[in-house]
Amino acid sequence: MLYPAIGVPLLGKGVFRRYMQYKYTRCLEKAGASVWLLPWNDTPEAIEVILDRCDGFLFPGGPDIQPQLYGQLAQPSCGIPNPARDAFELALLRGAIEAEKPLFCICRGMQLLNVAFGGTLFQDIKSQQEYAHMDFWHRAYATHPIELDPESLPGKLLESDAVTVNSMHHQAVNQIGDGLWVAAESPEGFPEALEMEGYPFCLAVQWHPEHMAAQTKIQRKLFRAFVDACR
Ligand SMILES: [Mn+2]
């Protein structure tokens, strides 16, 4: 299979979300994939067709996940959620895991993975952070260091146990879901990458390689490895 079909949930309407969508699409296409954008239809029939046709899935960044999905009430600092997207992405993610499809979970995608495994999130990390984690205007550049487990998938791909990454999140993974482990941490101890025990291929990162890839060559390796896993 020369061009694997990679499903990416739609980010939403509007120019800005389409620009963000384009960043993921471009990185995947440059790595040799055919990208299929997925509307939020969470009927079992729709999910089944998507699982059948796509070789792998990238779960992108986006709005805060409904706290009810991890057993909490919304705090005032929690952003406005998108229940339709939550429902679709959770159903798709669960189906994709059952089918053992390669996964690339970015930012909200990584948080969604943790929620799918019964983990929880910090609804707002502003008061606990020492580094800038919501550095929106410098999203193409590294803003804080992370420590990587050299045996983890991102550790091996980035060929380092310490790199610096960009950051655009105000929430973070708190309690780790059963079956997941922390592959990278920020200096404050926020998980910056997760890994799934015994799963064929799952990259889950809190930073945004799709914005770094143009300037930072090593970040392109994540997309290449993911697309290769989908072949
Ligand atoms: Mn960060």
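Just so you know, ligand 1 is whichever comes first in the structure, and atom 1 is the first atom listed for that ligand.
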Quiz item: Any luck finding a side-chain donor-acceptor pair between S167 and H144 under 3.5 Å?
Solution: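 Checked: S167/H144 side chains pair up, N/O donor to acceptor below 3.5 Å.
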Quiz item: Using a distance-only test with no angle check, is there a side-chain donor-acceptor pair under 3.5 angstrom linking E210 and Q219?
Solution: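 No, Q219 and E210 have no side-chain donor paired with an acceptor closer than 3.5 Å.
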Among the N, O or S atoms of [X], which one sits nearest to the Mn ion (ligand 1)?
X    : result
E192 : OE2
H133 : ND1
H144 : NE2

Exercise. Have a look at the Mn ion (ligand 1) and estimate, to 10 degrees, the angle subtended by OG (S167) and NE2 (H169).
Key: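 An angle of 90° at the metal.
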Quiz prompt | Carboxylate-amine/guanidinium contact D228 K221, below 4.0 Å | solution =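 Looking at D228 and K221, the cut-off is not met.
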Quiz item: Just by modelled atom types, is the A214 backbone N or O under 3.5 Å from a matching donor or acceptor in the R220 side chain?
Solution: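 Answer holds: yes.
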